[in-house]
Amino acid sequence: MLEKTYEPETVEDRIFADWIAANAFAAGAGAKPGAETFTIVIPPPNVTGSLHIGHALNNTIQDILIRYNRMLKKDVLWQPGMDHAGIATQMIVERQLAERQQPGRREMGREKFVERVWEWKDESGGAIINQLKRLGASADFSRERFTMGSRSEPDDQMVRAVTKVFVELKKRGLIYRAKRLVNWHPGLETAISDLEVENIEVKGHMWHLRYPLADGVTYEFPVAFDEDGKPTGYETRDYIVVATTRPETMLGDTGVAVHPDDERYKGLIGKFVTLPLVGRRIPIIADTYADPALGSGAVKITPAHDFNDFEVGVRNDLSQINIFTTTAAINDNAPEAYRGLDRFEARKKILADLEAGGILDHVEDKKIMVPHDEKSKLVVIEPFLADQWFADAETLAQPAIKAVREGRTRFVPQQYENLFFAWMENIKPWCVSRQLWWGHRIPAWYGPDGEAFVEESEAAALAAAEKHYGRTVELKRDEDVLDTWFSSALWPFSTLGWPEETPELKRYYQTDVLVTGFDIIFFWVARMMMMGLEFMGEEPFHTVYMHALVRDEKGQKMSKTKGNVIDPLKLIEEYGADATRFTLAAMAAQGRDIRLSINRVEGYRNFVTKLWNAARFLEMNECRRVAGYDPKANKLPLNRWIVGATARAVAAVTRGIEEYKFNEAANAAYDFVWGTFCDWYVEFSKPVLMGADEASKAETQATAAYVLDQILKILHPFMPFVTEELWGETGKAGPARESQLILAEWPELSGLEDPQADAELNWLMELISSVRSVKTELNVPGGAKLPLVVVGASEETTRRLVESAALITRLARLEAISPAASVPQGSAQFVVGEATWALPLEGVIDIGAEKARLTREMDKLDGEVAGIDRKLANEQFVAKAPEEVIEEQRTRREAAVERRAKIAEAIARLS
RNA sequence: GGGUGCGUAGCUCAGCGGGAGAGCACUGCCUUCACACGGCAGGGGUCACAGGUUCAAUCCCUGUCGCACCCA
C-alpha cells in the first residue's frame, strides 16, 4: 500500500542507486539492435563549481532529451565530465595555501604545486557531479572525463588530444606567437580571454591636460562663436589640450592624435609636443580615431596600454612603450620618480605633479566603462603588451559560420544565429596562452636564440632543433599553459577517444544536440564548432538548443552579492528533484528568461503528490495491469474515451519534446494527468469500480492501470524518480515488468480515437458541470441532493442517461433523474445539448436570483449572436474570408440561437 | 550610441491573424469512501500607448513610452 504522500527524500537515493545498479545510464543501455545513436556531451562544468540554478535547468533539459531518446530505444550516450578551470582552480589552491600558512606557489615550485592541485581536485573538486546525480541526471558516469586527463596518467588521451591539436594548428599556420596587447590580470599575472572581462560602468573623471607644444610652436584656438557656431574670436595657445580617463598612462604616450578634418588643429599636424613629466618629444598625428566632438578633440595615444591606441599606433608608426610591470606597477621605462608605484598610487602622484606644473586644465566627472575580471569583478584588467600564443580565430571561424549559414548546425531558437554571426564575423585573434601552472603546458621548446619548436614531445622538439641548428642544443620549454577553453573546445571528440580512432568516436560523433545558455554561446558553441570542423571535418552537433537564463521572480539576475540566489539543492531537499525539474521544464519557454518563483515549485510538488494519490487510488481499487490488454477492445465509452485522450496527450508531449518546447510538453502532461485523468476519469470510474457489473469493472480496472502506465512513461523524462517508484510499485501486481521505467519504451499510440465516446463523455462532463454550477449559483447547500428533471431529451440522450444515471447522480450529487413533459414549477433550469434540465426547488429557489442568472446567460448569448451577425452582414467578410471560417461562424451562431431560445423559454416559465 | 528581446488577470508566464488561457494568489461552498500538497464553483484582463495593413489584429507593420540583456 502506497503511503498517503510521496516523500522524495526517502525514495530518490534508492531509485538512483537502482538505476546505477542496472547500468541504465551506460551508453547504449536498452537500445534496440541497430538503433540510431543519440548523443549529448555535457557542456563541461567547472571542477571548482557547484550546482546553481542555471546548471539545474541546463541539465534538466539534457536529461529530458536523454531519457526521452533512451525510451525511444535509441543508442543513447550522455557524456559527462568537467573542465579544469585553470584560473579558478589555481586561485583556490593558492588561497588555501595562504590560509593554512603553508609555503606559496612560487616557494613550492611548479611540480609540487601542480601535485597539490591534483590533491585538491581529488579531495574537494568535482562536487558538481554528485549534485547532478541528485538532480537525477542520467549521464553515463562511467565515462566521466576531465579536460586535464588523470593524475596517474600524464600521457592521458585527453592530454594528448590537446597537445596534438596545438601542434597541428601550429603546423597549419593557425597558431602563432606574437607580441600583442592582451587583457592582463595584474593580480594573477596572466593574460585572460576578452570573454573573461566584464566592462563595468563606474564614476570616473575626464582629466584635461595641457601638453606643451615643442619647438616654440603656437596656434590660434577659437574661443568665441556666432549663432551658427562659426568662430569669431581666437586665443593664441602654445599647448594642446588632451583629455584622458587614465592619466597615469601618459608616461607611455608616444603621440597625440587629432582628426584630419578638425579645423582647430589642422596646422598642428606633423608638429610635436613635449610630454610633461617625461620630457619625451612626441608627434601630433592625424587619425580619424580622434573624435572632434569628444573632449577637446585631441587625444593622447598610448599604444602599449589601450586597444584603440594600439591600432592608431600601428597605423601611424608610433612606438610602443610599456610602463607597467606584470603586477601593474610602474616599470623602468618611466621616470625614476614613479618607478615601483602601483598604478593607482602612480595616478595620484602624477595628477598632483601635473597640477603643480600647471598642466591640468580642468577635470570633469564622467561615467566610464572599466574592464574588470568577470569572476571577482574586483580586479581592474590592464591592456598589456606581452608575448603570447594566438589562434587564428578568424580563419577557424569561417567553416563554422558556413555550417550555420548552410543549416548543418541549427540554433533553437533560431534568433540566436544572429548573435553567433555577430560575434564570429568580428572575431579577434584568440590568445590561448595563460601564465599559470595549472593547465596543459604549451608544447613549445625554445632554442638558445629563442626559436620555438612546437612538437608533441620534448624528444621531437630536440630532433627538430638539431635539424634546425645542425647540432644538439639545449631547449627550454615554454612556461605557459593553454586557456582552459582550448581543451573544452575539443570536448565533443576528445571525450570519445580522439586522437585514437575509437569505436565510440566513430559511433557517437557527430553528437546531436548541445544544450547551453546563450551567455555562453561563444565559449562552447563557437569554439567547439571551430575545432570540430578543423579536426573531425564535421560539425560537432547538428542542433544547438539555447535555453533561458534563470532569474529571480523580479527578473534580476541571481547573484551572491544580491542575495537573491535560489539554490537548486535546497529546492530538491524541500520539494524533491521531480518538482524542481518539472518547474524548470514547465517554465522553459523558448527565447524567454525564466523568472523562477517558489510558488511554482510548490505547485508542481503538489502535482507530484496528486499523481501519487491517483496511483494510490488505483491500487486500492485493484486496478492491475492485465497481460494482453488491448485498449482498442474496450467496450465502455468511458474507457474508449480515456484511451483516446491518452493518445492525444502522448502525442502532445512527444511533439513538445521533439520541438524543444519543453514547457508545452510539460503542460500537456500536467493538464492530462490532473485535468482529465484525475478530475474526470478517476471520478467516473468510481461507480463502475464499486458496481456489480464485473465485466465493466474488470475492463475499467485494466484500462486505468494501462493509462497510468502511459502517464508514468510520458512523465518520466520530467519526473524520473516518482514515476520510476510508481512503476516499481505497480509492477508488483499483474504481469512482471520487463525493465525499469527508465528503459521502458516510449508509447506510440494510434487508432484509439473514438469520436462517439468523446462526444458522450463531453456531454456527461458538461451536464455534471452545469448541475454543479447552477447549484452553487443558487446557493444550494453542497450536501443537498436534488432530483433532476429532463425535458425534451432525444433518444440518444435518454440512452446515455439510462447508461450513466448512477454516475451522474453521484458526481452531480443528485437524488434521481427522471424525464418529464414539462418543467416543474419553481425549478432552476439550464440547457445542455438539445434538452432542458430542471432542478425542482419549489420554495427554496429565489425566483428573482434565478431569473437574473438566466438573463445574464441570455445576454451573453445575445452578445455573441450580435457579434457574429455583424461579421456575417459584412459583405467583405463573406466575400473574402475562407469558407471554413464563415461556416464556423454560422455553426456557432446556430448553436447560440438555439440555446438562447431555450433559455428564453426557461425565463418565461419562471414568470 | 548600435543590436536583440520583452511589456497579456494581483504575481509568474503561455498563446501570436477569426470564440482571451494556465499555475500561484483571491472569494464562496465542501471533513463526498486517492489526495486539504485536496474537491467543486466563482471573481478578476480597453492583451503598454498611438497610428497603419486586413473582411478581421492581443497576434503583422510603423512610431512612442517603459523594462531587460548583449556589444561599443
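Order of the sequence lines sets the chain letters (A, B, ...), proteins ahead of strands, with each chain counted from 1.
- Taking atom P on both nucleotides, B:G43 is separated from B:A22 by 12 Å, rounded to a whole Å.
- A distance of about 15 Å separates the P atoms of B:C26 and B:C11, rounded to the whole Å.
- Checking B:C55, B:A34, B:G18 against the side-chain heavy atoms of A:Lys880 singles out B:C55 as nearest.
- Looking at the side chain of A:Asn599, the nearest of the listed nucleotides B:G28, B:C37, B:C24 is B:C24.
- When distances run from any side-chain atom of A:Met587 to the nucleotides B:C35, B:U12, B:G18, the shortest one goes to B:U12.
- Residues A:Phe411 and A:Tyr545 keep their aromatic ring centres 6.0 Å or farther apart.
- A straight line from CD of A:Glu602 to P of B:A22 spans 20 Å, rounded to a whole angstrom.
- Remark: the A:Thr700 side chain and the A:Asn639 side chain contain an N/O donor-acceptor pair separated by less than 3.5 Å.
- In this structure, A:Asn621 reaches neither bases nor backbone, as no heavy-atom distance under 4.0 Å exists between it and the strands shown.
- Relative to the ring axis of A:Phe310, A:Arg315 does not place its NZ or CZ within 45° and under 6.0 Å from the centre.
- Note on A:Asn418: nothing from the nucleic acid sits closer than 4.0 angstrom, heavy atoms only.
- Of the candidates B:C40, B:A41, B:G19, B:C40 carries the atom nearest the A:Asp679 side chain, counting heavy atoms from C-beta on.
- Residue A:Tyr670 is in sugar-phosphate contact alone, with no base atom involved, counting any heavy-atom pair closer than 4.0 Å across all strands shown.
- Taking the P atoms as reference points, B:A50 lies 23 Å from B:G44, given to the whole Å.
- In this entry the distance linking CD of A:Glu425 with P of B:C71 reads 17 Å, nearest Å.
- When the side-chain nitrogen and oxygen atoms of A:Arg600 are compared with OP1 and OP2 of B:U12, none of them lie within a distance under 4.0 Å.
- With both ends at atom C1', the span from B:A56 to B:C70 equals 38 Å, rounded to whole Å.
- Between the side chain of A:Glu850 and the backbone N or O of A:Gln829 there is at least one donor-acceptor pair closer than 3.5 Å.
- Checking side-chain atoms of A:Arg581 against main-chain N and O of A:Met719 turns up no donor-acceptor pair under 3.5 Å.
- Under 3.5 Å, the side chain of A:Arg772 and the base of B:C40 form no donor-acceptor pair of N or O atoms.
- Ranking B:C37, B:G19, B:G39 by closeness to the A:Arg892 side chain, first place goes to B:G19.
- Between the CG atom of A:Asp291 and the C1' atom of B:G1 there is a distance of 11 Å, rounded to whole Å.
- At B:G3, none of the side-chain N or O atoms of A:Trp423 fall inside 4.0 Å of OP1 or OP2 (strictly under the cut-off).
- For B:G5, the paired nucleotide is B:C67, the pair qualifying as Watson-Crick or G-U wobble because both relevant distances are below 3.5 Å.
- Here A:Lys4 lies in heavy-atom contact (under 4.0 Å) with sugar-phosphate atoms only.
- Nucleotides B:G66 and B:A72 are separated by 25 Å at their P atoms, to the nearest Å.
- Rounded to a whole angstrom, the distance from the C1' atom of B:G51 to that of B:C65 is 15 Å.
- Using a 4.0 Å cut-off, no side-chain N or O of A:Ser769 falls inside it from OP1 or OP2 of B:C40.
- Looking only at distances, no side-chain donor or acceptor of A:Thr676 sits under 3.5 Å from a matching main-chain atom of A:Val673.
- For A:Trp485 and A:Trp430, the distance between ring centers is not under 6.0 angstrom.
- The phosphate of B:C71 (OP1 or OP2) has no side-chain N or O of A:Asn199 nearer than 4.0 angstrom.
- Distances from the side chain of A:Pro882 to the nucleotides B:G18, B:A34, B:U32 place B:G18 closest.
- Within the structure, a side-chain polar atom (N or O) of A:Asn606 is placed less than 4.0 Å from OP1 or OP2 of B:G38.
- To the nearest angstrom, P of B:U4 lies 15 Å from CZ of A:Phe421.
- Atom CZ of A:Arg813 and atom P of B:G39 are 16 Å apart (whole Å).
- The C1' atoms of B:C69 and B:A9 are separated by 27 Å, rounded to the nearest whole Å.
- If you measure from atom CD of A:Glu875 to atom P of B:A56, you get 14 Å, rounded to the nearest angstrom.
- Checked against B:A41, B:A34, B:C37, the side chain of A:Phe617 finds its nearest nucleotide in B:A34.
- Residue A:Lys775 places no side-chain N or O under 4.0 Å from the OP1 or OP2 atom of B:C30.
- For A:Lys871, taking side-chain heavy atoms from C-beta onward, the closest of the listed nucleotides B:C33, B:G19, B:C35 is B:G19.
- Evaluation of atom-type donor-acceptor distances gives a pair under 3.5 Å for the side chain of A:Glu683 against the base of B:A34.
- As rounded to whole Å, 14 Å separates atom C1' of B:G19 from atom CZ of A:Arg870.
- The CG-P distance, from A:Leu767 to B:A41, rounds to 13 Å in whole Å.
- Heavy-atom neighbours of A:Glu683 CD from other residues, nucleotides or ligands within 6.0 Å: above the threshold of 12.
- Spacing of P atoms, B:G7 relative to B:C13, comes out at 10 Å, to the nearest Å.
- Proximity of A:Ser773 to the phosphate of B:G42: a side-chain N or O atom is located under 4.0 Å from OP1 or OP2.
- When both distances must be under 3.5 Å, the Watson-Crick or G-U wobble mate of B:C11 is B:G23.
- Among the atoms of the strands shown, none is found under 4.0 Å from any heavy atom of A:Glu619.
- Residue A:Val608 is classed as having no contact, given no heavy-atom separation below 4.0 Å to the nucleic acid.
- Heavy atoms of A:Arg616 sit under 4.0 angstrom from primed sugar atoms or phosphate atoms, though from no base atom.
- The shortest side-chain heavy-atom distance between A:Lys785 and A:Leu814 does not fall under the 4.5 Å cut-off.
- At least one side-chain nitrogen or oxygen of A:Lys610 sits closer than 4.0 Å to the OP1 or OP2 atom of B:G39.
- Summarising the base pairing, B:G51 is matched to B:C61 through a Watson-Crick or G-U wobble pair whose two defining distances lie under 3.5 Å.
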